[in-house]
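Here is the structure we will look at, set down as structure tokens.
Residue numbering restarts at 1 for every chain, and letters A, B, ... go by the order of the sequence lines. These numbers were taken from a predicted model, which means no experiment stands behind them.
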Protein chains: 2
Amino acid sequence: MTDQQKIPQATAKRLPLYYRFLHNLHLQGKNRVSSKQLSEAIKVDSATIRRDFSYFGALGKKGYGYNVEYLLGFFRKTLDHDENTPVTLVGVGNLGTAFLNYNFTKNNNTKIEMAFDADKEKVGEVIGDIPVYHVDELEDRMGSISVAILTVPVSEAQKMTDRLVACGVTGILNFTPARISVPSDVRVHHIDLAIELQSLVYFMKHYPMDQDEE
Amino acid sequence: MTDQQKIPQATAKRLPLYYRFLHNLHLQGKNRVSSKQLSEAIKVDSATIRRDFSYFGALGKKGYGYNVEYLLGFFRKTLDHDENTPVTLVGVGNLGTAFLNYNFTKNNNTKIEMAFDADKEKVGEVIGDIPVYHVDELEDRMGSISVAILTVPVSEAQKMTDRLVACGVTGILNFTPARISVPSDVRVHHIDLAIELQSLVYFMKHYPMDQDEE
DNA sequence: CAAAAATCGTGAATTGTTTCACTAATTCTA
DNA sequence: TAGAATTAGTGAAACAATTCACGATTTTTG
Ligand SMILES: NC(=O)c1ccc[n+]([C@@H]2O[C@H](COP(=O)([O-])OP(=O)(O)OC[C@H]3O[C@@H](n4cnc5c(N)ncnc54)[C@H](O)[C@@H]3O)[C@@H](O)[C@H]2O)c1
Ligand SMILES: NC(=O)c1ccc[n+]([C@@H]2O[C@H](COP(=O)([O-])OP(=O)(O)OC[C@H]3O[C@@H](n4cnc5c(N)ncnc54)[C@H](O)[C@@H]3O)[C@@H](O)[C@H]2O)c1
């Protein structure tokens, strides 16, 4: 579980991207790929890709590149792509419904198992094969799920976070604008769509673009 | 338009966050705030906040902190929050519909003006006051809109990107998993939800958490 | 009003990430 | 099979961002 702990965070964030691309290559029957080709496809500098891979050892072969199947197998293990991580979703509104309808499981090791909402109208529905329960049942139903997607109104964000944490959740993907507070062993990733849009506009206006930069 | 160009990208990404929080403080009638208080609320180190602000000059007062109204006015200008940037959305599916229903304009300087879809069923609808047109009309209707949200199926992503760019779009918020190719003067921000989820799970498993880290 | 407390702004140190540029190994071509 | 081409892996440099830590100044307290 806990790791040899050397991989930089920036690298770790790119791993799923590598995995997905390798998976697609494999489906296409390709069995060889170079850092240059990867670079063009996923728009990450080839030296960065080689450096990223090198944290895991010598995975390629000079003059040849990387063997897709081998690399894919390696990442499958590294990213625990054999076991499926169950996820819960809280707040079945506009955004929550979109996620339930989307099949995250495809080419992915996560699966939304259940959803909760406070609105009686939503409860009992099954959206994209995922059942929606009343939020009152949260504590009873969560079981050992440790990952949650939070798509409730901002006013409910902290309250629901506290309840999720009390149920044992240690990872939250937070789509509300609230900067929620959690104990130090809980990881929160914020995805703040309004800010992404504003930030894009700011960059467009103030930065003369030259190359694709994240 | 083009800027004095000194603000680090990391700082620029936080500006909308500062703006939003200051806006809320202002609504609450607060007229004073310290970097320490800001830090606690938005979970960014106070030294980082002071450093960020310092790129714009001396905005605070020693021993006192920052005047909310003054700071807010300053950011309003810096972020061009007086003019509203029009945005288009392409692909009115699960995700696109959620965005149309969401009022990005609230506390924001962007407004989705129109949406396009290839599906006859969707065309003619008005979702959250935004009209949905057929994608065939894209070139006729875009006018001078320079920002687009892309929520089409991945298979259509590059094609629609090319058309948007041909219409003069220079900023794209891309929700598809495709790493789209654009001319060097076009800025693309990727929001890859499946990868965010996988990456959260990876970090949970492999990094012993200690503090809130993005 | 004097001492204590708060707090900004910032030089310097630190930490993290990317990129250059080269070596060594392998593959490809004719 | 010999020479050319390709390409991984990596030390070192460059670049970017964060954080420490302290002086200077203002506010607050008693
Ligand atoms: N929709 C977007 O495009 C968008 C964009 C940016 C940010 N957001 C943020 O994402 C969040 C969700 O947005 P949305 O548009 O889906 O909102 P929404 O109002 O459509 O959905 C919220 C859902 O949460 C449910 N809910 C309310 N209180 C609850 C509780 N205590 N427990 C469980 N469920 C509860 C409501 O019944 C509703 O179904 C909001 O915080 C919003 O600010 C949304
Ligand atoms: N829904 C999610 O939760 C989610 C999560 C991660 C990624 N994504 C990505 O976001 C994108 C949209 O997802 P979705 O779930 O909304 O898909 P969706 O299939 O519900 O919606 C896609 C919409 O685009 C329209 N469309 C198809 N071709 C078009 C074209 N050429 N021009 C204009 N419109 C066109 C379709 O008619 C449909 O309405 C996909 O690329 C998907 O991979 C979605």
Side-chain angles (χ1 to χ4, degrees), chain A residues 3 5-15 17-18 21-22 25 30-72 74-75 199 203 206-207 210-214, chain B residues 3 5-15 17-18 22 25 30-71 74-75 199 203 206-207 210-214:
Chain A
D3 226 23
Q5 194 61 358
K6 277 279 76 51
I7 294 103
Q9 301 224 355
T11 298
K13 281 205 198 149
R14 284 186 290 265
L15 296 182
L17 193 58
Y18 295 141
F21 189 71
L22 289 168
L25 280 183
K30 294 268 166 50
N31 64 343
R32 174 182 171 173
V33 69
S34 70
S35 62
K36 185 129 167 294
Q37 293 170 312
L38 274 166
S39 173
E40 270 146 33
I42 65 183
K43 319 274 197 260
V44 169
D45 187 273
S46 69
T48 301
I49 294 174
R50 292 199 302 281
R51 174 81 59 197
D52 283 347
F53 289 0
S54 78
Y55 293 115
F56 300 98
L59 303 176
K61 207 190 250 187
K62 298 181 181 186
Y64 174 88
Y66 300 90
N67 179 283
V68 171
E69 193 155 2
Y70 175 75
L71 204 51
L72 188 62
F74 185 84
F75 278 120
S199 151
F203 277 108
H206 296 78
Y207 287 71
D210 204 49
Q211 203 61 25
D212 180 294
E213 307 157 60
E214 162 72 350
Chain B
D3 226 21
Q5 194 63 354
K6 279 276 76 49
I7 295 103
Q9 302 225 352
T11 297
K13 280 204 197 149
R14 284 186 290 265
L15 297 182
L17 194 57
Y18 296 141
L22 289 169
L25 281 183
K30 295 268 167 50
N31 64 341
R32 174 180 171 173
V33 70
S34 71
S35 62
K36 183 129 168 294
Q37 292 169 313
L38 275 166
S39 172
E40 269 145 35
I42 65 182
K43 318 276 199 260
V44 170
D45 187 90
S46 69
T48 300
I49 293 174
R50 291 199 301 282
R51 173 81 60 198
D52 283 348
F53 290 0
S54 78
Y55 293 116
F56 300 99
L59 303 177
K61 206 191 250 186
K62 296 181 181 185
Y64 174 88
Y66 300 90
N67 178 284
V68 171
E69 195 156 359
Y70 176 74
L71 205 51
F74 185 85
F75 278 122
S199 152
F203 277 107
H206 295 78
Y207 287 72
D210 203 49
Q211 203 61 23
D212 181 293
E213 307 158 60
E214 163 71 348

B:Asp45, nearest nucleotide to its side chain (from D:dC20, C:dT7, D:dA8): D:dC20
At less than 4.0 Å, is any side-chain N or O atom of A:Thr48 found next to OP1 or OP2 of C:dT18? Yes or no. no
For A:Tyr64, does its backbone N or O pair with a side-chain atom of A:Arg32 as donor and acceptor, under 3.5 Å? yes
It should be established whether A:Tyr66 places a side-chain nitrogen or oxygen under 4.0 Å from OP1 or OP2 of nucleotide D:dG9. yes
Distance test, side-chain N/O of B:Ser35 to OP1/OP2 of C:dT7, below 4.0 Å: no
How many Å lie between CD on B:Gln9 and P on D:dC15, as a whole number? 15 Å
Would you say A:Arg32 places a side-chain N or O within less than 4.0 Å of OP1 or OP2 belonging to C:dC28? yes
Kindly say if A:Lys62 contacts the phosphate of C:dT23, meaning a side-chain N or O under 4.0 Å from OP1 or OP2. no
Describe the nucleic acid contact of B:Phe53 in one word from base, sugar-phosphate, nothing, applying a heavy-atom distance below 4.0 Å. nothing
Establish, with yes or no, whether the OP1 or OP2 oxygen of D:dG9 is under 4.0 angstrom from a side-chain nitrogen or oxygen of A:Ser54. no
Contact class for A:Ser46 vs. all strands (heavy atom < 4.0 Å): base, sugar-phosphate, or nothing? nothing
With rounding to the nearest 0.5 Å, note down the distance linking CG in B:Leu71 to CG in B:Leu38. 7.5 Å
Apply the ring pair (Phe, Tyr, Trp, His ring centres under 6.0 Å) test between B:Phe75 and each candidate in B:Phe53, B:Tyr70, B:Tyr66; give the one that qualifies. B:Phe53
Between OH of B:Tyr70 and P of C:dC8 the distance, given in whole Å, is 15 Å
Of B:Gln37 and A:Ala10, the one whose nearest nucleotide on DNA chain C sits closer to the 5' end is B:Gln37
Distance (rounded to the nearest 0.5 Å) between B:Ser46 OG and B:Glu40 CD: 9.0 Å
Can you tell me if the side-chain N/O atoms of A:Lys36 get under 4.0 Å from OP1 or OP2 in D:dT7? no
Gap between atoms CD1 and C1', on B:Ile7 and D:dA16 respectively (whole Å): 15 Å
From A:Leu22 CG over to A:Lys30 NZ, what is the distance, rounded to the nearest 0.5 angstrom? 12.5 Å
Give a yes or no on whether a donor-acceptor pair under 3.5 Å exists between the nucleobase atoms of C:dT18, that is its base, and the side chain of A:Arg51. no
Between atom CD1 in B:Ile49 and atom C1' in D:dA17, what is the gap in whole Å? 15 Å
Closest-nucleotide mapping onto DNA chain C: is A:Tyr64 or A:Arg50 further toward the 5' terminus? I mean the 5' end. A:Arg50
Can you measure B:Leu71 atom CG to C:dT7 atom P for me and round it to whole angstrom units? 15 Å
Nearest nucleotide by nearest heavy atom, which residue falls closer to the 5' end of DNA chain D, A:Gly63 or A:Gly57? A:Gly63
Separation of B:Phe56 atom CZ from C:dT10 atom P, in whole Å? 14 Å
